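If you're wondering where the values come from, they're calculated on a predicted model, not measured in any experiment.
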Amino acid sequence: MPKKPRLAVFKFASCDGCQLQVLDAQDSLLAIAERVEIAHFPEARSQSLAGPYDIGLVEGSISTPADIARIQEIRRECRFLVTIGACATAGGIQALRNWCRIDEVVGSVYASPVYVESLAQSTPISEHVPVDFELRGCPIDTGQLVELITAVVIGRQPRVPRHSVCVECKEAGTVCVTVAHGIACLGPATQAGCGAICPAHGRECFGCYGPAEQPNLVSLTGFYEHRGTPRPHLARLVRSFNAWAPDFRHEGDRLEHGTGADSP
Amino acid sequence: MNQPRNFTVKALTRVEGAGGLRVRVEDGRVELVEFNIYEPPRFFERLLRGREVREVPDIVARICGICPVAYQVTACQALESALGIVVGPEIRLLRRLLACGEWLQSHALHIHMLHAPDFLGCDSCFTYPEAYAELLDRGLRMKAIGSRIIQVLGGRSVHPINVAVGGFHRAPDATAVRGLIPDLEWGMQAAFDTLATVSTFAFPDFTQSYECVSLRAPESYPMNEGRIVSSTSTGTAGLDIPIDDYPEHFVERQVPHSTALSSFILPGERPYLCGPLARLNNCLADLPDGARRAADTCGIEWPSRNIFHSIAARAIEVAASFEEALAIARICHASIAPCRIDSTPHAGTGSHATEAPRGLLYHRYEIGDDGLIAGATIIPPTSQNQAQIEADVRALLPGLLSFSDNDAAAGCERLIRSYDPCISCATHFLTLHIDRC
């Protein structure tokens, strides 16, 4: 029998929600791959086995000086490095500070900011080291995680959709909230993966899975603006958990600073 | 005098996030104890400024992936208070059911996957002794049921999307809620079995004098509503205040060794205890009947001043959550309408507190004239317990100094783990420095 692939889970600035999805996948993980050895997963296991590891799952964004050195070391230890969740792939909600002055941000929360070591920006892992695969979502989907690990274990490409949330609404038979209710929804520009749960609950998609391929945001927000949605609302819509993802970032900046709407 | 000795021990695992501990011992006396929280600050309170009221529940959920519901419901109720919205009894009940789901999944996770290994002599849920396989299986199913409750009401279990200021985006499906009943009936019995097991664990003899702080509600165990009360180990009553008065009785301090602000109770800036043990000590009489009987017969005397009993307190709260959830599911016959009370945001301030799985969670918001958030204060349970954790380590250490560094660190780690600290943090190990002069 071949040697068990060794799995390691690492955490940077995050809410732990994606690691919780890993724990939730426990039954499936053991079922599909009893050969996977959970070598390093501090949130779940006291004993930590030294690297190298076959699969490294990284949660969280880079936000302190120490993080920068640590991610380099982790990259060296991991054959296949996967970022899990919006923090690791796009900088997370904490990347909203990237539009602020860091000393003002720190000073607004802490009486003695000098004690707090924090980088001016919260950035995705891929800005610091090469990443082999990015699993989107805030939080990630357990099914996609199991698919990813299965694929790595048997040595094929993970099958993760790149199309938009719109397709998932059509698959589910959900009535379009934009067409039916005039709601400004980010679904046409957001990558699938959540199952389009927000439109199914009568509300807008707010972009948990980050930009879909070729999202054409200028056209989308122009359409909403033309239909009467205020521009500041649209800027906030693209600036949430994936605000620093390039497509959302540039559109947020354009909406904040750019000139008139591009009419559809 | 001996040379100072520094020890670095990788330790505090099986917690959400991580922290460090620095201890200095001189001539056999514990001179310094610092529980460090290295959590990279994410500045939520600042980043909420300028956001829309309706965005707040979605944003604050991201503070904690283990207890997003507590953050969402606390924020909703604080913002409703600011906007003068009064939600009806159906929405309050469904929010209570949501809280039951979160307590179940969070407590079941901590009891079975994070905490029990301390008492079973294993290092994780992946290496459980065969004799306890049933305990773990039961725990995983309990956790899944808790997650399922959140999913039915909230759309998904981590960072639900259906919780809104004023109620719910879409009315929860009453049929799906009633569909939970068989699992909830199983859970009530299963919780008693788990309590019976964890109550017999070998608990260290460690009785401390705590000031227990929690919500207390008339005739129900506290979750989303109530007044803030405190009690002392001598049984004398302490605080009994409305939630809005929280800032007058508690103070936050920044300490150099932690990115979490540390909270103290006034006057005198004393440490205090919140969480399952504090809740149970304060509100034992308010438990639902089945959980109350189980608490009385489990072999541990309540109120308890031994923090290691927290695992049993969590098991009792699991029983209570199943019992409460079952009662709510059984009366859920029709979807509520309207499911949300809308209001145009206007200037105002509002505060609220709930009992998150780990203890009291306080939010306060200021809404500006433009209807956007102008200010936010969020005080999570772990920063409220930080000073008490340090006091406990200080009390525990003298008994550990004759042990090896590894064993002393393990003893501190077990104590800290009893608190179920939620430290969402960048570093992943406890660094225990013992300077022995």
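- Of the two parts of R340(B), neither the backbone nor the side chain holds a non-hydrogen atom closer than 4.5 Å to a non-hydrogen atom of chain A.
- Between chain B and the residues E59(A), Q94(A), H201(A), the most heavy-atom pairs under 4.5 angstrom are made by H201(A).
- For the set C198(A), G202(A), S63(A), the entry with the most heavy-atom pairs within less than 4.5 Å of chain B is C198(A).
- Figure legend: cation-pi geometry between R62(B) and F241(A), with NZ or CZ positioned under 6.0 Å from the six-membered ring centre and within 45° of its axis.
- We find the CE-CG distance between M113(B) and L23(A) to be 4.5 Å, quoted to the nearest 0.5 Å.
- Of the two parts of E55(B), only the side chain, counted from C-beta on, holds a non-hydrogen atom closer than 4.5 Å to a non-hydrogen atom of chain A.
- Contact annotation: the side chain of L372(B) approaches that of R236(A) to within less than 4.5 Å [non-hydrogen atoms, C-beta and beyond].
- Most heavy-atom pairs under 4.5 Å with chain A: of the set H159(B), R51(B), K143(B), this distinction falls to R51(B).
- Using a 4.5 Å cut-off between heavy atoms, C18(A) does not touch chain B at all.
- For a heavy-atom cut-off of 4.5 Å, chain A lies close to I161(B), N162(B), H169(B), R170(B) in residues 161-170 of chain B.
- Contact of R97(A) with chain B is made through backbone and side chain together, with heavy-atom distances under 4.5 Å.
- Put simply, the side chain of R203(A) reaches to within 4.5 Å of the side chain of D58(B), judged on heavy atoms.
- A heavy-atom distance below 4.5 Å is found between the side chains of C15(A) and R42(B).
- Atoms OG and CG, from S147(B) and L20(A) in turn, are 7.0 Å apart once rounded to the nearest 0.5 Å.
- With a 4.5 Å cut-off on non-hydrogen atoms, Q21(A) touches chain B through its side chain but not through its backbone.
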Let's go through E43(A) and I66(B) carefully: what are the C-alpha distance in whole Å and the side-chain angles of both, what is the deciding distance for side-chain contact (heavy atoms from CB on, under 4.5 Å) to 0.1 Å, and is it a yes or a no? CA-CA 12 Å; E43(A) 184 161 319; I66(B) 320 295; 4.2 Å; yes
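- E256(A) meets the salt bridge (charged side-chain N to carboxylate O under 4.0 Å, His left out) test with R239(A); sequence neighbours excluded.
- Counting only heavy atoms from C-beta outward, the side chains of Q47(A) and S124(B) never approach each other to under 4.5 Å.
- I93(A) contributes atom CD1, which lies 7.0 Å from atom CG of L47(B) (distance to the nearest 0.5 angstrom).
- Neither the backbone nor the side chain of I378(B) comes within contact range of chain A; no heavy atoms are under 4.5 Å apart.
- Residues D24(A) and S157(B) share a closest heavy-atom pair of OD2-OG, 4.4 Å.
- Of the possible donor and acceptor atoms, none in the side chain of D16(A) sits under 3.5 Å from a partner among the backbone N and O of G65(B).
- The CG atom of L114(B) sits 14.5 Å away from the CZ atom of R45(A) when rounded to the nearest 0.5 Å.
- S46(A) is listed as a side-chain neighbour of R417(B), based on a closest heavy-atom distance under 4.5 Å.
- Only the side chain of L140(B) has a heavy atom closer than 4.5 Å to any heavy atom of chain A.
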